[in-house]
Amino acid sequence: MLEAIPVGTGFSRRSGQATVNVTRISEDSVEVTATCDSLARQVILLKEENTRIRNALLEKVEEPPPKVVNEPTGWQWFQICAGRIALLILILMLIKRYLKRRSGAAKL
């Protein structure tokens, strides 16, 4: 049946929103092209959404990360100072006890 179609001849058929074009481009080749309006519209919408998402991701990647501050809070500073003072008092008490025992041992 394809032999009966002359080279360069094309046929088209439309059904609703779909269209099919058949063209014989050489002795042994046939080109078939199909389009659908709703499918073409869906492809355009998906391309636009893909572009929008890609641009949004690129903007997020280009933003520098927020600066992280690893500094103690006011309450933590209070605990640090209180701990240092308690440690200093403990050391002074131990030194005083040591000197008391040493002076007591020297008297014997």
Side-chain angles (χ1 to χ4, degrees):
M1 177 164 169
L2 289 177
E3 294 84 21
I5 302 172
V7 175
T9 305
F11 300 96
S12 180
R13 175 77 183 207
R14 182 173 179 95
S15 176
Q17 295 178 339
T19 305
V20 175
N21 296 318
V22 179
T23 307
R24 185 157 189 194
I25 55 176
S26 67
E27 290 293 326
D28 60 347
S29 298
V30 176
E31 181 181 81
V32 179
T33 307
T35 59
C36 182
D37 294 341
S38 61
L39 182 60
R41 185 174 55 94
Q42 188 67 22
V43 169
I44 291 170
L45 291 174
L46 288 174
K47 282 183 180 179
E48 289 175 355
E49 184 177 358
N50 188 23
T51 303
R52 182 186 57 79
I53 291 171
R54 186 189 67 220
N55 291 340
L57 287 175
L58 287 175
E59 287 176 6
K60 287 182 181 179
V61 169
E62 291 174 2
E63 292 177 4
K67 186 176 180 181
V68 177
V69 178
N70 294 327
E71 190 172 316
T73 62
W75 177 248
Q76 289 172 334
W77 277 118
F78 171 76
Q79 290 176 333
I80 291 168
C81 291
R84 288 178 181 169
I85 291 170
L87 186 61
L88 181 64
I89 292 171
L90 178 65
I91 290 171
L92 290 174
M93 288 173 56
L94 289 175
I95 291 173
K96 182 180 175 186
R97 186 181 296 170
Y98 174 75
L99 292 176
K100 232 184 213 185
R101 285 187 184 168
R102 190 169 177 205
S103 64
K107 290 183 182 177
L108 290 177

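Nothing here was measured: the structure is a model prediction, and the numbers come from that model.
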Distance (rounded to the nearest 0.5 Å) between L90 CG and I85 CD1 = 14.0 Å

Output yes when a side-chain donor or acceptor of N55 lies under 3.5 Å from a complementary backbone atom of T51, and no otherwise.
-> yes

Atom OH of Y98: over 12 foreign heavy atoms under 6.0 Å = no

Short side-chain to backbone donor-acceptor contact, E48 and L45, under 3.5 Å | no

Shared ILVMFWY cluster between I95 and L87, side chains joined below 4.5 angstrom?
-> yes

Rounded to the nearest 0.5 Å, how far does CZ of R84 lie from CD1 of I89?
-> 14.5 Å

Hydrophobic cluster identity match, V7 and F11, side-chain contacts under 4.5 Å | no

May I have the list of side-chain donor-acceptor pairs in residues 25-33 shorter than 3.5 Å, sequence neighbours left out?
| unit_1 | atom_1 | unit_2 | atom_2 | d |
| --- | --- | --- | --- | --- |
| S26 | OG | D28 | OD1 | 3.1 |
| S26 | OG | S29 | N | 3.3 |
| S26 | OG | S29 | OG | 3.2 |

